[in-house]
Amino acid sequence: MRKFECNMCGCFSCGAETIFDVPPDQCLYGRSASAWQPVESKPQLPRLTAAIFDHPDCPVEAKIAVINGNGWIHFGTYESATPADTVEWYGVAPGKWLHVDQEKFGRFDPSDWKSSLVKRPAKLPEWCRVGEWVYREESPDDDMPFDFAFGQITSIDGRWIVVDGHGIVHVKHLSPARLRPWTNATLPPIPFAVKIKNNQDHFRTTVTAASTAGVWLGGATKAIGYAELMDECEQLDGQPCGVLELAERK
């Protein structure tokens with residue numbers, strides 16, 4: 001769509017949009033003359049995102065960034081702030097606003113400036129990734145109980161980690177863990193049931209025998225290795241077919 005305007009009347013202007021890059025061929029009100037001119041679109045201002053913290057002039061101590069109603073940026077050391085006029089925030093919460101040369105960052109789209117708050121992305125340990133096993137340490141400031149010690153990270157929101165859907169745990173209460181295959185010595189008492197991972201039919205089978213080399217499932221005549229058992233199966237309660245233990249922090 002291309003925008004055009006006509007100021008032929010002098011008292012007011014008319015606007016129109018056309019699919020092609022050509023103006024309307026007549027006055028919208030049927031007058032004999034018209035003077036349609038293209039309306040030059042203004043460059044769209046960028047939206048403020050967390051990428052601003054990668055800007056070379058972003059203060060190292062900045063934890064949040066917001067823009068005011070004119071699209072100019074403000075950095076602060078606050079953990080969070082209420083989306084509102086930055087002038088009203090001074091002295092409200094622990095922290096301070098940082099002096100920066102706003103011209104170096106340019107202006108941002110102010111259309112939704114009251115909800116423009118972005119936080120510096122949390123830097124998490126290398127081991128804190130979705131799918132990794134972790135150990136949850138006891139904490140005196142826990143305000144809700146958890147029924148697990150080991151678990152697998154299912155999602156991450158900043159420094160808050162969701163482990164196996166049990167609840168949200170702060171990363172400071174987690175330690176890296178590792179999963180290793182069972183051995184003939186660490187295997188649960190035989191027989192015991194397991195289920196195939198990611199099987200829509202919830203197929204179950206039974207570990208009926210074991211040796212140092214592996215285990216036999218159901219009526220199978222051939223054994224599978226302990227590593228294969230760990231990769232392909234899990235216990236009926238969802239726990240892995242292996243040994244969970246603390247790992248060293250890197």
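These figures come from a predicted structure and were not determined experimentally.
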Do other residues, nucleotides or ligands put more than 12 heavy atoms under 6.0 Å from D237 CG?
yes
In Å, rounded to the nearest 0.5 Å, how long is the span from CZ of F108 to CZ of R47?
11.5 Å
Would a 4.5 Å heavy-atom cut-off, applied to side chains only, mark V215 and L187 as touching?
yes
Taking side chain as C-beta onward, heavy atoms only, is V162 less than 4.5 Å from I156?
no
Do V118 and F105 belong together in a cluster built from hydrophobic side chains that touch within less than 4.5 Å?
yes
To the nearest 0.5 angstrom, please state how far the CD atom of E232 sits from the CG atom of N198.
9.5 Å
With the side chain counted from C-beta on, respond yes when D57 and V100 share a heavy-atom pair under 4.5 Å apart, and no when they do not.
no
Parallel, tilted or perpendicular, judged at 30° and 60°: which one describes the rings of F192 and W182?
perpendicular
With a 3.5 Å distance limit and no angle check, can you tell me whether T208 reaches the backbone of W216 through a side-chain donor-acceptor pair?
yes
Do you know which two heavy atoms are closest between L236 and A193, and how far apart they sit?
CD1-CB, 3.7 Å
Side chain to side chain contact (heavy atoms under 4.5 Å, CB included), that's the test. Do E61 and L98 meet it? Break it down for me.
CA-CA 9 Å; E61 63 270 38; L98 304 169; 3.7 Å; yes
Check for a donor-acceptor pair, side chain of E132 on one end and backbone N or O of W127 on the other, with a separation under 3.5 Å.
no
Should the pair E245-R180 be classified as a salt bridge under the 4.0 Å nitrogen-to-oxygen rule?
yes
Has the side chain of N70 got a donor or acceptor atom that lies under 3.5 Å from a matching backbone atom of W72?
no
How many angstroms lie between atom CD1 of I67 and atom NZ of K114, to the nearest 0.5 angstrom?
12.5 Å
Nearest-0.5 Å distance, NZ of residue K197 to SG of residue C241
7.5 Å
Full working for side chain to side chain contact (heavy atoms under 4.5 Å, CB included) between C128 and I153:
CA-CA 8 Å; C128 190; I153 297 175; 4.0 Å; yes
A side-chain contact here means heavy atoms from C-beta on lying under 4.5 Å apart; do C233 and K195 qualify?
no
Is it the case that one hydrophobic cluster holds both V243 and I190, taking links as side-chain heavy atoms less than 4.5 Å apart, direct or via other members?
yes
Testing the basics here: between P110 and G69, what is the closest heavy-atom pair and its distance to 0.1 Å?
CB-O, 3.4 Å
In this structure, OG of S175 is separated from OH of Y135 (nearest 0.5 Å) by 8.0 Å
I'd like to check L246 versus P176 (side-chain heavy atoms, cut-off strictly below 4.5 Å). Are they in contact?
no
Could you check L244 against Q239 for side chain to side chain contact (heavy atoms under 4.5 Å, CB included), going step by step and ending with a plain yes or no?
CA-CA 10 Å; L244 284 165; Q239 289 299 302; 4.1 Å; yes
Residue pair F75 / I52: nearest heavy atoms and the distance that separates them
CZ-CG1, 3.9 Å
Heavy-atom closest contact (L48 atom, A65 atom, distance):
CD2-O, 3.8 Å
Determine whether a donor-acceptor pair (N or O, by modelled atom type, separation under 3.5 Å) exists between the side chain of Q235 and the backbone of V194.
no
Can you name the nearest heavy-atom pair linking P46 to R107, along with the distance?
CD-O, 3.7 Å
Determine whether more than 12 heavy atoms belonging to other residues, nucleotides or ligands lie under 6.0 Å from atom NZ of K104.
no
Whether the side chain of D164 engages the backbone of Q152 through a donor-acceptor N/O pair (distance < 3.5 Å, no angle test) should be reported.
yes
Quick one: does P181's side chain get under 4.5 Å of M230's, heavy atoms only?
yes
Taking the side chain as C-beta and beyond, is there a heavy-atom pair between I73 and V66 under 4.5 Å?
no
Around atom CZ of R204, are there more than 12 heavy atoms from other residues, nucleotides or ligands closer than 6.0 Å?
no
For T186 and T183, indicate whether the former's side chain and the latter's backbone hold a donor-acceptor pair under 3.5 Å.
yes
Does a side-chain heavy-atom distance below 4.5 Å link L217 with I224?
yes
Working to the nearest 0.5 Å, report the span between CD1 of I161 and CG of L124.
5.5 Å
Hey, does the side chain of D157 reach the backbone of W160 with a donor-acceptor pair shorter than 3.5 angstrom?
no
Between K119 and A50, what is the shortest heavy-atom contact and its length?
O-CB, 4.0 Å
For A62, is there any backbone N or O sitting under 3.5 Å from a side-chain donor or acceptor partner on T77?
no
